[in-house]
J.: 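Below is a structure I'd like to ask you about.
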Amino acid sequence: MNSLVEKLKNTRDLSDIELKTLIESDEYDEELRQAADAVRRERYGDAVFLRGLIEISSYCKNNCLYCGLRAGNLHAERYRLSREEILSCCEEGYALGYRTFVLQGGEDPYFTDERICEIVAEIRMRYPDCAITLSLGEKSRESYERYYKAGANRYLLRHETADPAHYARLHPENMSCENRKRCLYDLKEIGYQVGSGFMVGSPYQTTENLIADLRFLQELQPDMIGIGPYITQKDTPFCDMKSGTAELTLRMLSILRLMFPYALLPSTTALGTIHPMGREMGLRAGGNVVMPNLSPVSVRKKYAIYDDKICTGEESAQCRGCLERRIESAGYRAVTDRGDVRRVRK
Ligand code: 5AD
Ligand code: SF4
Ligand code: FES
């Protein structure tokens, strides 16, 4: 075979024009999916890594135009977990077998570096065998260094869009694409395993923007790449903008798997939200990570980044079992170990 997909699989790269053809057409989808699945199985087998996600605060000082947690959203319900609540989520997660905890939250000034470091150090001491992942937004290099010294190993910060003009349409003036990228390079230099990523189908996004995202990722070479569809949130300035599609998200996931065979690629909650089988399809398209929510059920609905988020009701106490069945039904195996990146083939 001499197709674009075959070329992407073999060379891990394509020209901009070739990428545009792949991104804009649905005719390669099945071939892309199969190639992506073959590459993921070669590198990671049928393993799907589980990460225990703890949403520590729904307060945020930022005003990203797409996000329900934006400071300007006066309808948002706010909460923050106490140190004790966070530690008991970890305890529960550890008992369930999780060996990675992800502490995610809005940019909440209450969580000073001191408080973050104290919590990280405590988790590090109690669970020396676990990876600690932070996802707490843009900070100074010094702050990132302090968290790292306290025991954090990984950091997730999506670049959102690599194109400065597009970035400016999605964010208020006090945020910049440049600072975002600076954060990611700082994190990498400090020694974190770094996750970046972007939304698919975000307002005003063009194919060229998506290609720029892939080019930026080629430069950054992150360990993890998180993508999910943009989903409308009713209390934001983008309330009338259309959500992204599962179809394009899956296509981008497969392209990412072929360009970055080593990468940890989550099949996201957002993908599960826009399609009932979204997460299963995401795994089949090349994803190899899922992040079940460990936050207390009582706060889950308040972490309303976008509308109709799944796993926020009563059923969510059972996410673990539910997800494991979903992983198996998609043809894979749930793994709870640290699941470090495999840059080199085993
Ligand atoms: N739809 C989908 N994803 C969103 N995010 C923020 N708002 C939305 C939305 N409306 C994503 C961003 C952010 C992550 C925490 O959630 O990419 O990095
Ligand atoms: Fe805050 Fe993150 Fe939402 Fe932006 S995307 S408003 S930084 S929680
Ligand atoms: Fe959360 Fe199914 S994974 S309820």
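Quick caveat: nothing in here was measured; it's all calculated off a predicted structure. Whatever order the structure lists ligands and atoms in, that order sets their numbers, starting from 1. Here, residue 1 is the first one in the sequence, and each next residue gets the next number. Side-chain atoms are counted along with the backbone in the values below, which use heavy atoms only and exclude waters and symmetry mates.
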J.: With ring centroids as reference points, do Y127 and Y94 lie under 6.0 angstrom apart?
T.: yes
J.: Taking 2.8 Å as the upper limit, name the protein N, O or S atoms near atom 3 (Fe) of ligand 2.
T.: C67 SG
J.: Which residue and non-hydrogen atom of the protein lie closest to atom 2 (Fe) of ligand 3, and at what distance in Å?
T.: C322 SG, 2.2 Å
J.: Which pairs with one or both residues in residues 207-226 pass salt bridge (charged side-chain N to carboxylate O under 4.0 Å, His left out), sequence neighbours excluded?
T.: D13-R215, D16-R215, K20-E208, D223-R343
J.: Evaluate the 4.0 Å heavy atom contact test for atom 2 (Fe) of ligand 2: does a protein atom fall under the cut-off?
T.: no
J.: Work out whether the distance between some heavy atom of R320 and some atom of ligand 3 is less than 4.0 Å.
T.: no
J.: Look at the aromatic rings of Y192 and Y155 and report parallel, tilted or perpendicular, splitting at 30° and 60°.
T.: perpendicular
J.: For Y147 and Y144, take the angle between the two ring planes, folded into 0 to 90°, and tell me which bin it lands in: parallel under 30, tilted 30 to 60, perpendicular over 60.
T.: perpendicular
J.: Verify the distance criterion only: is there a donor paired with an acceptor across the side chains of R124 and N153 at less than 3.5 Å?
T.: yes
J.: Kindly check if the number of other-residue, nucleotide or ligand heavy atoms within 6.0 Å of CD (E114) is above 12?
T.: no
J.: Do N63 and R70 get their side chains close enough for a donor-acceptor pair, meaning under 3.5 Å?
T.: yes
J.: Could you check whether R141 pairs with E145 (Lys NZ or Arg NE/NH1/NH2 to Asp/Glu carboxylate O, under 4.0 Å)?
T.: yes
J.: Taking backbone and side chain together, does C311 place any N/O/S atom at a distance below 2.8 Å from atom 1 (Fe) of ligand 3?
T.: yes
J.: Could you go through ligand 1 and note, for every N or O atom, any protein N or O atom closer than 3.5 angstrom, writing the atom names and distance to 0.1 Å, or 'none'?
T.:
residue  : atom   : partner : partner atom : Å
ligand 1 : 1 (N)  : I231    : N            : 2.9
ligand 1 : 1 (N)  : I231    : O            : 3.4
ligand 1 : 10 (N) : Y66     : O            : 2.9
ligand 1 : 10 (N) : I231    : O            : 2.7
ligand 1 : 17 (O) : R158    : NH1          : 2.9
ligand 1 : 17 (O) : E160    : OE1          : 2.6
ligand 1 : 17 (O) : E160    : OE2          : 3.3
ligand 1 : 18 (O) : E160    : OE2          : 2.5

J.: Would you list the pairs meeting ring-ring contact (aromatic ring centres under 6.0 Å, His included) in which at least one residue belongs to residues 286-341, sequence neighbours left out?
T.: none
J.: Identify, by atom number and element, the atoms of ligand 3 in contact range of L323, meaning under 4.0 Å from any of its heavy atoms.
T.: 3 (S)
J.: Pick one of side chain, backbone, both or neither for how R279 approaches ligand 3, counting any non-hydrogen atom pair under 4.0 Å.
T.: side chain
J.: So does E328 pair up with R325, basic N to acidic O under 4.0 Å?
T.: no
J.: Distance alone, cut at 3.5 Å: any donor-acceptor contact between the side chains of T312 and K301?
T.: yes
J.: Do the ring centers of F216 and H159 come within less than 6.0 Å of each other?
T.: yes
